Every structure is written in structure tokens, then in C-alpha cells.
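In this text, all values refer to a predicted model and were calculated from it rather than measured experimentally. Whatever order the structure lists them in is the order used to number ligands and atoms, beginning at 1.
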Amino acid sequence: MFIYIAGSGAMGCRFGYQLFKAGNKVVLLDKWEDHIQAIKKNGLTITGDKEDNVKIPIMHPEEATEPADLIILFTKAMQLPAMLKDIEQVIGENTKVLCLLNGLGHEDVIKQYIPEKNILMGVTVWTAGLQGPGVAILKATGSVNLQSIDPNGEKEAEKIVDVLNQAGLNVTYDKDVVPSIWRKACVNGTMNSTCALEDCTIGEFFASEDALKVVHTIIHEFVEVGQATGVTLDEKAITDYVMHTAEVAAEHYPSMHQDLVQNHRLTEIDYINGAVARKGDELGIPTPYCHMITELVHAKEHVLGIR
Ligand code: NAD
């Protein structure tokens with residue numbers, strides 16, 4: 001299968017690498033010049049659970065010309081519209097587009113560029129990091145749940161599931177993926193922004209009663225807003241999932257900590273707590289914690305001069 005990875009940072013490199021090794025024709029698309037030059041010169045280097053190096057093509061999105069069978073979107077949430085504009089020329093009539101970004105509301109953005117029959121929405125618990133330009137750190141295992149947003153698209157989507165599974169990506173076709181997308185957003189909404197603001201690991205944050213009150217209130221706001229938009233969400237099950245994730249990942253700094261505190265980069269807050277706050281306002285559901293967390297992260301982005 002011919003696949004573009006649209007946004008070939010940490011996660012794009014993981015998916016691109018695994019699909020390339022499985023024998024697909026894969027082209028990485030990115031605009032980070034040092035990363036592009038490193039991969040062109042030295043190949044994509046893999047470190048972590050195993051060491052490898054592959055000669056995989058990489059280019060700017062505007063340089064891609066041949067329509068693909070599949071495009072996997074892996075920019076950060078706020079970078080998605082620019083990427084979709086830049087890849088318009090390689091979106092053929094039957095090009096499937098899979099979105100595995102964290103956060104909420106991406107479907108509405110993608111629909112502006114891609115016909116619904118070709119859109120696959122999903123969620124992944126795979127992780128990845130970058131050591132520097134051209135070097136991806138791949139550790140542990142993960143999985144993907146995805147669904148065609150057009151109910152008639154299931155059969156075609158199953159073919160994509162097969163291709164991804166041949167690459168060891170552990171993918172399930174999910175007949176109702178939206179609750180899983182919300183559940184992951186809720187995990188991010190309880191630990192990403194809070195640990196970034198408090199400058200601590202997940203375990204350090206979840207250790208106090210005061211922090212747990214914040215966590216439970218954020219979960220409640222996500223569940224109330226999600227349910228009001230027609231998504232089936234079980235507050236007890238989501239709470240158990242969040243607490244379990246926090247236990248397993250206790251030693252880690254979440255990605256928003258890496259973005260905001262460690263690298264002074266803009267965050268995905270507007271697509272996590274911010275998305276729930278906006279939707280809550282639209283529906284008349286109060287979400288004071290999601291509002292305040294979003295405003296505090298925005299304020300920190302201002303303090304750092306990146307907003
Ligand atoms: P990343 O910042 O490492 O990668 C994004 C890449 O997209 C960058 O290399 C950037 O240069 C490129 N890019 C952005 N806009 C572009 C444009 N217009 N044209 C070309 N290239 C462009 O981010 P990541 O960690 O790989 O995360 C991607 C998404 O996956 C996010 O939504 C994140 O929340 C989610 N996610 C990440 C992980 C993880 O472990 N890293 C796990 C699950 C989900």
C-alpha cells in the first residue's frame with residue numbers, strides 16, 4: 001500500500017517505520033528542516049527497545065505529488081489545518097485519511113478537506129519520542145482503535161486495519177470509537193495540563209487529596225459534556241481507567257510537560273480541556289475547572305512568549 005505519514009515527528013516516525021518494515025511504500029512528510037536533512041543523509045534511526053536504521057523517503061508536504069492509498073495524520077492538533085491544506089494535491093478520490101491525534105474536534109476540521117467516505121477516526125495508546133533530528137525512541141507496545149465515520153466505509157476500513165496489523169500495530173475496527181477518543185482525551189485532560197502547570201510527574205500530582213479533587217472534577221466535566229453531545233461515557237469506568245493509567249505512568253512527565261515546561265512549545269490544550277470548555281459553553285453546561293486549566297495554560301504560554 002502507498003502511505004504518506006503527514007507529520008513525521010515522534011508518532012509519525014513510529015508508524016512510518018513499522019509500515020515501511022512491513023513492505024509498504026511509505027513517504028514521510030514534515031517541515032522540520034533538520035529532521036528532513038538528517039533522515040535524507042543518515043536514514044531514520046530507531047533506538048529504544050531495538051536498534052535499527054532505515055532509508056525511508058522524507059519530503060515537505062508541498063513536494064508530494066502522487067496520490068496515496070492512505071494518509072496517516074500525525075501533526076500536533078493546532079498544526080492540522082495547515083497540514084491538510086499542504087497535502088490537498090495528494091488526496092485522490094479514494095485516498096483514505098486516518099486521524100490518530102490526541103484531543104477532540106478533529107473530525108470537523110478534516111471534513112473541510114476530505115469527503116466523509118474516506119475519513120477514519122481513531123485513538124492510539126502507542127507512544128514514541130524523538131532523541132533529536134532523525135532519531136526516534138520506540139519503547140513498549142500499544143494498540144489502535146479506529147472507525148470509518150461513514151457507516152458504509154467499514155469494509156474499506158477493514159482493509160486498512162489489515163495493512164496496519166501486518167505492521168504489528170495491533171489495530172481493532174471499533175464500531176463505536178468516539179467514547180474511546182473521549183476517554184483518552186479525559187486521561188490527557190486530567191494529567192497533561194495539571195502536571196505541566198504543577199511541573200511534576202503524574203505520580204507526584206496524583207499523590208494528594210487536593211489533586212484528586214481536581215482530577216475527579218475534570219472527569220465529571222468531560223463526562224457531562226460528552227454525554228450531552230450524545231457520546232456514551234461511564235464516569236466510574238473512566239475514573240478507573242484514569243487512575244489505572246496514572247499508576248502505570250506514575251514516573252512519567254506527560255507530553256504537555258515536555259512541550260510547555262521542557263521545550264517551551266505551544267500545547268494542545270485547546271483540543272483537550274479547552275474543547276470541553278467550549279462545548280460546555282455551547283450547551284450551557286458549566287465547566288469551571290476545564291476553563292481555568294485552559295486559561296492557566298494559555299497564560300503560561302504568554303509568559304513564555306510562545307502564544
Ligand atoms: P511531534 O511534535 O513529535 O510531531 C509532529 C510533527 O509534525 C513535527 O515533526 C512537525 O514538524 C510536523 N508538522 C507539523 N505541522 C506541519 C506542517 N504543516 N507541515 C509539515 N509538517 C508539519 O508530535 P507527536 O508526539 O508525534 O504527536 C502527534 C500527535 O499524536 C499529537 O496529537 C499527540 O498528542 C498524539 N500522540 C502522541 C503520542 C506520543 O507518545 N508522542 C502518543 C499518542 C498520541
Please list, in number order, the atoms of ligand 1 under 4.0 Å from a heavy atom of L101. 32 (O)

Is a salt bridge present between E282 and R278, judged by a nitrogen-to-oxygen distance below 4.0 Å? no

Could you tell me whether ligand 1 has any atom less than 4.0 Å away from a heavy atom of E62? no

In the protein, what heavy atom is nearest to atom 5 (C) of ligand 1, and what distance, to one decimal place, separates them? F74 O, 3.5 Å

Ligand 1 to K184, heavy atom cutoff 4.0 Å, flagged ligand atoms 43 (C), 44 (C)

If you link ILVMFWY side chains whenever their heavy atoms are less than 4.5 Å apart, which other residues fall into the same cluster as Y253? By chain and number, please. none

May I ask you to list the atoms of ligand 1 that are less than 4.0 angstrom from any heavy atom of P61? 19 (N), 20 (C)

heavy-atom search around atom 14 (C) of ligand 1 in the protein gives Q79 OE1, 3.0 Å

So K175 and E154, salt bridge (Lys or Arg N to Asp or Glu O under 4.0 Å) or not? Walk me through it. CA-CA 9 Å; K175 287 186 186 292; E154 182 169 340; 2.6 Å; yes

Same cluster for I56 and Y4 if Ile/Leu/Val/Met/Phe/Trp/Tyr side chains link at under 4.5 Å? no

Please determine whether a side-chain nitrogen of the Lys or Arg among E66 and K25 lies less than 4.0 Å from a carboxylate oxygen of the Asp or Glu. yes

Other ILVMFWY residues reachable from W32 by side-chain steps of under 4.5 Å: L130

Looking only at protein heavy atoms, which one is nearest to atom 36 (N) of ligand 1, and what is the separation? N102 ND2, 3.5 Å

Quick one: look at E268 and ligand 1, take heavy-atom pairs under 4.0 Å, and tell me if it's side chain, backbone, both or neither. side chain

For ligand 1 and L130, I'd like to know whether there is a polar contact (N/O to N/O, distance under 3.5 Å). no

Heavy-atom nearest neighbour in the protein, as seen from atom 2 (O) of ligand 1, with distance rounded to 0.1 Å: K76 NZ, 3.6 Å

Could you list the atoms of ligand 1 found under 4.0 angstrom from a heavy atom of D30? 6 (C), 7 (O), 8 (C), 9 (O), 10 (C), 11 (O), 12 (C), 20 (C), 21 (N)

Under 4.0 Å from ligand 1, counting heavy atoms only, is it the side chain of A128, its backbone, both or neither? backbone

Does a side-chain N-to-carboxylate-O contact under 4.0 Å join D86 and K31? no

Do any heavy atoms of W126 fall under 4.0 Å from ligand 1? yes

Atom 3 (O) of ligand 1 [closest protein heavy-atom partner, distance rounded to 0.1 Å]: A10 N, 3.0 Å

Enter the distance from T45:OG1 to D52:CG here, rounded to the nearest 0.5 Å. 9.0 Å

Please give me the minimum heavy-atom distance between I137 and G48, naming the atom from each residue. CG2-CA, 4.3 Å

Protein heavy atom at shortest distance from atom 37 (C) of ligand 1: M11 CG, 3.4 Å

Charged N-O contact under 4.0 Å between E156 and K159: yes

the protein heavy atom lying closest to atom 4 (O) of ligand 1 turns out to be G9 CA, 3.3 Å

Atom 17 (C) of ligand 1: closest protein heavy atom, distance to 0.1 Å, is K31 CD, 3.7 Å

With heavy atoms of T127 as the reference, note each atom of ligand 1 found under 4.0 Å away. 40 (O)

Side chain E268, main chain M78, donor-acceptor under 3.5 Å: no

I'd like to know if R307 pairs up with D270 as an ion pair, taking the criterion as any Lys NZ or Arg NE/NH1/NH2 lying under 4.0 Å from an Asp or Glu carboxylate oxygen. yes

For ligand 1, which atoms, with element, lie under 4.0 Å from some heavy atom of M83? 17 (C), 18 (N), 19 (N), 20 (C), 21 (N), 22 (C)

